[in-house]
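Comments concern the structure below.
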Amino acid sequence: MDNKKYEAEINNSKSLVQLNELEIKYLGRNGEINKLLSAIKDIPNEEKREYGQKVNLLKTSIVRSIEMMKKKLSSKKSEVFFDKTMPGKAYPKGSLHIVSFAIEEITNVFEKIGFIRVSYPEVDWEYGAFESLNMPANHPARDDVETSFIDTPAHKTLGKMVLTPHTSNGQNREMKRVGKPPIRMINISKCYRPNWDATHTPMFHQFEGLCVDKDISIVNLKGTLDYFAEKYFGKGTKTRLRPHHFQFTEPSFEVDISCNVCGGKGTVRNAYMRSLQKCKVCKSGWLELGGTGMVHPNVLKEGGIDSKKYSGWAFGFGIERVIMMKYGLDDIRNYYSGDIRFLEQF
Ligand code: PHE
């Protein structure tokens with residue numbers, strides 16, 4: 001009975017499976033220890049006691065060795081193999097929301113031609129949103145946009161508080177801030193109107209351009225709009241002005257740009273039905289960006305500017321709209337759906 005031999009075998013085992021086999025081999029019902037124990041009947045009586053003690057000692061030492069080896073092998077199993085030469089895991093990177101990204105791009109385009117980026121309040125008094133824009137109290141033009149009022153006491157002279165329905169409230173503030181022209185403002189802010197469809201969300205963003213100086217005419221306006229369209233949407237993008245009415249500009253226009261979804265045709269080919277369908281985005285080849293016009297003399301006067309000496313133009317466009325055109329998107333509600341699979345694409 002050489003316990004060195006057993007121990008060496010146990011200590012050399014490479015896995016728990018192998019160790020388990022050894023345990024059965026030594027300690028199992030038909031194992032070596034039991035064989036030794038049953039051999040006791042052939043031992044002379046006077047030696048039986050000593051023999052039995054030796055076998056039991058051997059059994060204890062085997063049990064202990066197996067236990068120790070089990071611990072060793074199972075702790076080894078949890079050691080993770082680490083390969084220092086493997087490339088690391090890239091941490092997922094976040095990105096700007098498409099609207100934030102567009103705000104940066106639009107700001108850059110206008111800063112290059114001397115416009116100053118400002119961000120006037122999205123909650124303002126009726127004065128900023130209407131009165132200062134040639135829309136006195138009770139003027140029917142106020143009904144053109146359904147305005148959300150804030151439930152707070154009205155100001156004595158400035159009126160009630162509103163969620164601004166447009167960024168034009170920045171015009172009067174900028175005129176008063178700068179004082180003496182030239183003024184070149186690009187005001188980007190949130191706006192609110194109660195609409196919800198593929199091209200409207202109740203909260204949206206506008207960017208408002210305002211340019212006031214000596215001898216400013218519609219030529220400067222059209223030139224600036226064309227510059228913006230080519231820089232932001234790419235070469236070949238056209239703008240068009242349609243006569244319109246705003247209280248705060250005279251003359252007034254609506255600005256359209258040629259639609260990038262259907263290429264200005266107004267129809268798209270449906271791959272499944274193999275037919276031409278009306279373009280879901282523009283329906284006519286053009287998409288309305290917003291309003292523009294020459295600043296009304298009353299608005300200049302209200303901002304403290306001499307309308308005999310100075311003239312200017314202004315425009316207000318939707319950020320969500322311009323993104324839609326740039327990337328050919330057909331539903332701006334996706335921007336605010338919180339669906340990361342949509343947002344990740346930009
Ligand atoms: N404020 C107008 C709108 O939201 C757009 C506009 C801005 C029109 C500036 C003319 C001049 O519809």
Next item on the list: Report yes if some heavy atom in the side chain of Ser189 is under 4.5 Å from a heavy atom in the side chain of Gln206; otherwise report no.
Entry: no
Notebook entry, point to check: Would the number of heavy atoms belonging to other residues, nucleotides or ligands and lying under 6.0 Å from CG of Asp215 be above 12?
Noted result: no
Next item on the list: For the pair Gln345 (side chain) and Phe342 (backbone), establish whether a donor and an acceptor sit closer than 3.5 Å, ignoring hydrogens and angles.
Entry: yes
Margin query: Is there a side-chain contact between Leu27 and Val63 in this structure, where contact means two heavy atoms from C-beta onward sitting under 4.5 Å apart?
Written below: yes
Notebook entry, point to check: Which residues satisfy the ring-ring contact (aromatic ring centres under 6.0 Å, His included) test with Phe149, sequence neighbours excluded?
Noted result: none
Item checked: Under the salt bridge (Lys or Arg N to Asp or Glu O under 4.0 Å) test, residues paired with Glu320 that sit two or more places apart -> none
Check: How about Lys176: does its NZ atom have over 12 heavy atoms from other parts shown lying under 6.0 Å from it?
Finding: yes
Item checked: Candidate pair Ser168 and Glu208, rule side-chain hydrogen bond (donor to acceptor under 3.5 Å, both in side chains), full reasoning -> CA-CA 7 Å; Ser168 301; Glu208 180 105 3; 2.9 Å; yes
Next item on the list: Give a yes or no on whether Asp83 atom CG has more than 12 heavy-atom contacts from other residues, nucleotides or ligands under 6.0 Å away.
Entry: yes
Notebook entry, point to check: Do Ile103 and Ile319 have side chains that get closer than 4.5 Å, going by heavy atoms?
Noted result: yes
Item checked: Flag, side chain of Ser100 to backbone of Leu96, donor-acceptor distance under 3.5 Å -> no
Margin query: In the structure I gave you, are the side-chain heavy atoms of Ile116 and Met185 within less than 4.5 Å of one another anywhere?
Written below: no
Note to self: For the backbone of Pro136 and the side chain of Glu131, can you confirm whether one donor and one acceptor N or O come within less than 3.5 Å of each other?
What the structure shows: no
Next item on the list: Verify the neighbour count for atom CZ of Arg240: are there more than 12 heavy atoms of other residues, nucleotides or ligands below 6.0 Å?
Entry: yes
Next item on the list: Go through Arg321 and His205 one step at a time and tell me if the side-chain hydrogen bond (donor to acceptor under 3.5 Å, both in side chains) criterion holds.
Entry: CA-CA 9 Å; Arg321 289 276 179 97; His205 297 73; over 6 Å; no
Next item on the list: Taking Lys326 for its side chain and Tyr232 for its backbone only, find out whether a donor-acceptor pair lies under 3.5 Å.
Entry: yes
Notebook entry, point to check: Is Lys190 close enough and on-axis enough to Phe204, meaning under 6.0 Å and within 45°, for cation-pi?
Noted result: no
Next item on the list: Apply salt bridge (Lys or Arg N to Asp or Glu O under 4.0 Å) to Lys25 and list each qualifying residue two or more places apart in sequence or on a separate chain.
Entry: Glu9
Check: With distance as the sole test, does Asp213 use its side chain to make a donor-acceptor pair with the main-chain N or O of Ile216 at under 3.5 Å?
Finding: no
Check: Any side-chain heavy atom of Asn187 within less than 4.5 Å of one from Glu174?
Finding: no
Check: Is atom NZ of Lys278 surrounded by more than 12 heavy atoms (other residues, nucleotides or ligands) closer than 6.0 Å?
Finding: no
Note to self: Show every ring-ring contact (aromatic ring centres under 6.0 Å, His included) that has at least one partner inside residues 150-183, sequence neighbours left out.
What the structure shows: Trp125-His155, His166-Phe248
Item checked: Residues which pass side-chain contact (heavy atoms from CB on, under 4.5 Å) with Ser252, listed by chain and number, not counting sequence neighbours -> Phe246, Thr249
Item checked: Any residue meeting ring-ring contact (aromatic ring centres under 6.0 Å, His included) with Tyr227, in chain and number order, not counting sequence neighbours -> none
Checklist line | Any Val162 side-chain heavy atom under 4.5 Å of Val123 side chain | finding: no
Notebook entry, point to check: Is a donor on one side and an acceptor on the other found under 3.5 Å between the side chain of Lys48 and the backbone of Ile43?
Noted result: yes
Next item on the list: Return yes when atom CE of Met68 has more than 12 non-hydrogen atoms of other residues, nucleotides or ligands closer than 6.0 Å, and no otherwise.
Entry: no
Next item on the list: State, to 0.1 Å, how close Val268 and Cys262 come at their nearest heavy-atom pair, and which atoms those are.
Entry: CG1-CB, 3.9 Å
Check: Asn169 side chain to Pro121 main-chain N or O, any donor-acceptor pair under 3.5 Å?
Finding: yes
Item checked: ILVMFWY cluster membership beyond Val17 - transitive side-chain contacts under 4.5 angstrom -> none
Margin query: So, using side chain to side chain donor-acceptor pair (under 3.5 Å) as the criterion, who are the partners of Glu288 when residues are at least two apart?
Written below: none
Check: Less than 4.0 Å between a side-chain N and a carboxylate O, is that true for Arg341 and Asp339?
Finding: yes
Notebook entry, point to check: Run the side-chain contact (heavy atoms from CB on, under 4.5 Å) check on Leu300 and Val212 step by step: do they pass?
Noted result: CA-CA 9 Å; Leu300 289 173; Val212 183; 3.9 Å; yes
Check: Taking C-beta and beyond as the side chain, do Asp226 and Lys222 meet within less than 4.5 Å on heavy atoms?
Finding: yes
Check: Is the shortest heavy-atom distance from the side chain of Thr224 to the side chain of Ile113 under 4.5 Å?
Finding: yes
Checklist line | Presence of salt bridge, Lys160 and Glu126, under 4.0 angstrom | finding: no
Checklist line | Verdict with supporting geometry, Tyr127 and Glu302, side-chain hydrogen bond (donor to acceptor under 3.5 Å, both in side chains) | finding: CA-CA 11 Å; Tyr127 172 81; Glu302 193 62 35; 2.7 Å; yes
Next item on the list: Using the test ring-ring contact (aromatic ring centres under 6.0 Å, His included), find all partners of Phe317 that sit at least two apart in sequence or belong to another chain.
Entry: Phe207, Phe315
Checklist line | Donor-acceptor under 3.5 Å (Glu230 side chain, Gly236 main chain) | finding: yes
Next item on the list: Keeping to residues at least two apart or across chains, list the ring-ring contact (aromatic ring centres under 6.0 Å, His included) pairs with something in residues 89-108.
Entry: His97-Tyr336
Check: Would a distance-only check, ignoring hydrogens and angles, find a side-chain to backbone donor-acceptor pair under 3.5 Å from Tyr327 to Val322?
Finding: no
Next item on the list: Answer yes or no: is there a donor N or O on one side and an acceptor on the other, between the side chain of Thr60 and the main chain of Asn56, under 3.5 Å?
Entry: yes
Margin query: Can you list everything that forms a salt bridge (Lys or Arg N to Asp or Glu O under 4.0 Å) with Lys231? Sequence neighbours excluded, please.
Written below: none
Notebook entry, point to check: If every non-hydrogen atom of Met324 is compared with every non-hydrogen atom of Thr199, which pair is closest and at what distance?
Noted result: CE-CG2, 3.8 Å
Item checked: Any pair counted as ring-ring contact (aromatic ring centres under 6.0 Å, His included), so long as it reaches residues 251-270, sequence neighbours left out -> none
